[in-house]
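One structure is given here, and the rest of the page talks about it.
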There are 2 protein chains.
Amino acid sequence: MPSTTPKKILAANVRRIRNSTGLSQEALADRAGMHRTYISSVERAERNVSLETLFAIAVALGVDPTELIAAPDDGEV
Amino acid sequence: MPSTTPKKILAANVRRIRNSTGLSQEALADRAGMHRTYISSVERAERNVSLETLFAIAVALGVDPTELIAAPDDGEV
DNA sequence: CTGTGACTTTTAGTCCGTT
DNA sequence: AAACGGACTAAAAGTCACA
């Protein structure tokens, strides 16, 4: 059982989804109306983002906000 | 049609779930390690809570964090 | 028990860089 | 393209008195 913190869950989800879309951190930041360094920081699990920011990132990634905080599905057959 | 903001979604979900558990704002605040007035403020959609706070409230309510930001299900059967 | 405005402290989020 | 640091500003956390 991993010491899975909210920040780590978000970080992993953002990075995974962003990579799957082929966007760079810069491009994502731009879409979400944020700074490049901030997205970088979020993906390193250093940031405790606000609700509005969470939704903004979700929109920029084209996913539902709930996907960003969904716990990693360990046993997905 | 709804000008459904993240704050409103959270507010509605917290209040609905809290009421369904029979907890008072005070009791919930206590469980979540927060102040009574803070929960009140969240339920009035005045607060743009952080990720950690979101998770803390979810734990206190005994639900998954994703439930707190799930959009209201309009056409539920 | 809950709403509300005012308030101080802490942190989210920006922007300048270098590696 | 991305990690990382410092300094800064905007906003969230957290509390209180009173309705």
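Naming convention: chains lettered A, B, ... in sequence-line order (proteins, then strands); numbering from 1 in each chain. Every value quoted in this text rests on a predicted model; they were computed, and no experiment measured them. All values below were derived from every heavy atom in this structure, side-chain atoms included, with hydrogens, water molecules and symmetry-related copies excluded.
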Whichever of A:Arg36 and A:Leu51 has the more 5' nearest nucleotide on DNA chain C, that residue is A:Leu51
Whole-Å distance, A:Asp30 CG to C:dT14 P, equals 12 Å
Under 4.0 angstrom between A:Arg47 side-chain N/O and C:dG13 OP1 or OP2 = no
If we only count heavy atoms from C-beta on, is the A:Thr53 to A:Tyr38 side-chain gap below 4.5 Å? yes
query: Does A:Asn48 make a side-chain N or O approach to OP1 or OP2 of C:dT11 shorter than 4.0 Å?
result: no
Checking C:dT14, C:dT2, D:dA12 against the side chain of A:Met34 (C-beta onward), the nearest is C:dT14
Taking atom types as they are modelled, is there a donor-acceptor pair under 3.5 Å from the base of D:dC4 to the side chain of A:Thr37?
no
Whole-Å distance, A:Arg44 CZ to D:dA1 P, equals 16 Å
OP1 or OP2 of C:dG3 versus the side-chain N and O atoms of B:Ser40: is any pair under 4.0 Å? yes
Between B:Glu43 and the options B:Lys8, B:Lys7, B:Arg18, the salt bridge (Lys or Arg N to Asp or Glu O under 4.0 Å) test singles out B:Arg18
Between CD of A:Glu26 and C1' of D:dA1 the distance, given in whole Å, is 7 Å
> Would you say C:dT2 has OP1 or OP2 under 4.0 Å from some side-chain N or O of B:Arg18?
Replying inline: yes
When rounded to whole Å, the CZ to C1' distance for the pair B:Phe55 and D:dA13 reads 18 Å
Phosphate-side-chain proximity, B:Tyr38 and D:dG14, N/O vs OP1/OP2 below 4.0 Å
no
Quiz item: Can A:Ser40 and A:Thr37 be counted as having a side-chain donor-acceptor contact under 3.5 angstrom?
Solution: no
Practice prompt. Return no unless some side-chain N or O of A:Ser50 is found under 4.0 Å from OP1 or OP2 of C:dG13.
Written response: yes
Could you check whether any side-chain N or O of A:Asn19 sits under 3.5 Å from a backbone N or O of A:Arg15, counting only pairs where one atom can act as donor and the other as acceptor?
yes
From CD1 of B:Ile39 across to C1' of D:dT15 the rounded distance in Å is 14 Å
Taken to the nearest whole Å, NE2/B:His35 to P/C:dA6 is 18 Å
Nearest heavy-atom contact between A:Thr21 and A:Leu61 is CG2-O, 4.5 Å
Taking for A:Gly33 and for B:Arg15 the nucleotide of DNA chain C with the nearest heavy atom, the one nearer the 5' end belongs to B:Arg15
To the nearest angstrom, the CD-C1' distance between B:Gln25 and C:dG3 comes to 8 Å
When A:Glu46 and A:Glu52 are each assigned the nearest nucleotide of DNA chain D, the 5'-most assignment goes to A:Glu46
Separation of C:dT4 atom P from B:Glu43 atom CD, nearest Å, is 12 Å
